Structures are given as structure tokens and as C-alpha cells.
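To start, the structure itself, in C-alpha cells.
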Amino acid sequence: SDDDWRSQMNREMRTVAAVRPDVELCFRNAADLSSRQVAQIDSFVREGADLIIVAPNEADTVSAAVERAEAAGIPVLVVDRKVHTARFTAYVGGDNLKMGRDAARYFVATHPQGGTVWQVTGLVGSTPAADRDRGFTDEIARFPQFRLLPPADGGWNARGAAQAARRLLAQGEKPDFIFAHNDPMAAAVGEVMQAHGLQPVIVGVDALNVGGLGLDLVEQGRIAATLIYPTAGDRVMDVALSILDGKPYERNQALTTALVTKDNVNIFRQQERQMVEREMRLTR
Ligand code: FRU
């Protein structure tokens, strides 16, 4: 995808590569098209890349290309989104099942009386969408005072989410709670709801500290909460370099999450600032 979350991850990766003159980082953007991503992976294999890092747009479609790279002897580091094959070298990504569960628990804890719940999912076919949906649905189903509407596919982007929200309202549904699988979709859905005089409690995902996104949305009260989904470009590069350098690495690295609300948003901002300052010192 081509969005702020990816840009931040790419920036973090470049920062690590900057201190390794023997490493050349080469980016390809599939622009949410699985067929394009497959062609890009195949071309990296033909060009003789030493290692391929991939965030699979859709698990099923991209798996075969990952297997082809592995068969050609090229290590493949899968990040963020998973594949439906065990033939990859390592995986780094967030715990999406837990994030879904945490979103449901937030609604239950803050509004025990319940109400109508709706989900705008990420692209159906990508694993974070499937896992967030499963974690959320399984958890909320334990509380019958929450009525769960069928989820809609927002495709990871604001436009898809806004369209889904308009369709839902046209069906006469008025959700009290919305779990959107990322912050751009959460903001877009919030705008549509507000234009119709509705103010549901919205939880998003990503918590980027970028102008107008995650942390800003929480601070402005446009969404009630967001879950941290670490971009972790530095961790990704650490694993990639360990593989290339023949050093030990963990095959599965699960990144932690945390819920950001108005009450703790400042702590996260401060932490981010410190990390950015450290990064700047490192690259100076
Ligand atoms: C960025 C993104 C994030 C989301 C993640 C899931 O491209 O859509 O917003 O959390 O991908 O894979």
C-alpha cells in the first residue's frame, strides 16, 4: 500500500540502512494490487536480490510468489501481513487477533450497557483484516447486549470505508459502536456518521503520530481510541540484516500493541518524540 503507515516504516528501514554502506535497499510499491506484487517479487528473484521483504497484499494470491523466491534460494522476510505457506524465512508483525479482542474489550468496559456494533474491515483476503475481525467478533459475541451487524470491507482506505458507511446508513442501521481496522477508515466513517447527526464510539488502529492521523484523531475526540500497530521498520531491518549476516534471529517476531485514549495520548506522543530525536542523532 501507499500510505502514511508504509511511509513511516520505509523511513525507519532507510535509517538503519544508512549506517550500513554495504546494504542497498530497493522499494517497490504494489499499490494494493496483488498481481502487481507477484510480478514485483518475481522480478526481484530474476534480478538476483539477496533478500526479499514483503507485506503480502492478499495471503492467497501472493503465497506462490513467496514460495518461488524461497525455491530460488532467496530468503523471504514477511512483514505485517501473512502468507498461506510455511515456506518463508521469518515473520515480523503485530498481534492482530489480540488487537481485535482489545477493541471489543474497550467497548464492553466503557459501555457495559451494550448497543449496536459495526465493523469496517481491512481488505478481505489480507490476514490482519481476518485476524482483527476474528478477535473482535469472538470477544464481542460473549456479551449478548452487543448486537453485531455484518462487517463491511473498507479495503484499508478512507474512500472504501466512507462508501461502506453510507451503504449501512441507507439500510436504516445506526451503529452505536464502530471498530474500523485502521485510522484513515475510522476518520472517514466518523465524518459520514457526523454528517448524518450520529456520534458513535469509534475505535481505529495504527496510532500514527503524524499530522491529522491516529494520535491527533484521539486528541480531537474524532475517534475514542486507537490501537498501536507498530511500523517497526528498524526491527524488520534488524532481522533482515541478521539473516544476511548469518546471525541468529527469531523466526516469528510478534510486536506488542497498546490502546491509546484521550487519557494517555500525551504519554505516547512524548515517547514518539524521544524516538524521533534518537533517530535524528543516529543519522546525523
Ligand atoms: C497500511 C495498513 C495499516 C494497517 C495495515 C494492515 O498499509 O493499511 O493501516 O494497520 O496496513 O496490514
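In each ligand, atom 1 is the first atom listed, and ligand 1 is the first ligand listed. Starting from 1, each residue takes its place in the sequence as its number. Just so it is clear, the model here is predicted, and its values are computed rather than measured.
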Quiz item: Would a hydrophobic clustering, with Ile, Leu, Val, Met, Phe, Trp and Tyr connected at side-chain separations under 4.5 Å, put L259 with F136?
Solution: yes
Quiz item: Hey, does the Lys NZ or Arg CZ of R147 hover above the aromatic six-ring of F177, less than 6.0 Å from the centre and inside 45° of the axis?
Solution: no
Quiz item: Tell me, which protein residue and heavy-atom name are nearest atom 12 (O) of ligand 1, and how many Å apart are they?
Solution: R81 NE, 2.6 Å
Quiz item: What atoms of ligand 1 come within less than 4.0 Å of a heavy atom belonging to N182?
Solution: 8 (O), 9 (O)
Exercise. Note the single closest protein heavy atom to atom 9 (O) of ligand 1, along with its residue, its atom name and the distance in Å.
Key: D206 OD2, 2.5 Å
Quiz item: Above 12 or not: heavy atoms from other molecules or residues under 6.0 Å from CZ of R134?
Solution: no
Quiz item: Is the shortest N/O to N/O distance between D80 and ligand 1 below 3.5 Å?
Solution: yes
Quiz item: So is G122 in contact with ligand 1, going by heavy-atom distances below 4.0 Å?
Solution: no
Self-check item: Atoms in ligand 1 flagged as close to W5, the criterion being non-hydrogen separation under 4.0 Å
Solution: 1 (C)
Exercise. Please name all residues satisfying side chain to side chain donor-acceptor pair (under 3.5 Å) with R6, sequence neighbours left out, ordered by chain then number.
Key: D80
Quiz item: What residue and heavy atom of the protein are closest to atom 1 (C) of ligand 1, and at what distance?
Solution: D3 OD2, 3.1 Å
Quiz item: Is the closest side-chain donor-acceptor distance between D131 and T127 under 3.5 Å?
Solution: no
Quiz item: For S1 and D32, does a side-chain donor sit closer than 3.5 Å to a side-chain acceptor?
Solution: yes
Quiz item: Without hydrogens or angle criteria, can the side chains of E173 and T116 be said to hold a donor-acceptor pair below 3.5 Å?
Solution: no
Quiz prompt | Contacting atoms of ligand 1, where contact means under 4.0 angstrom from a heavy atom of S1 | solution = 7 (O)
Quiz item: For atom 11 (O) of ligand 1, what is the nearest protein heavy atom, given as residue, atom name and distance?
Solution: R6 NH2, 2.9 Å
Quiz item: R132: heavy atom below 4.0 Å from ligand 1, yes or no?
Solution: yes
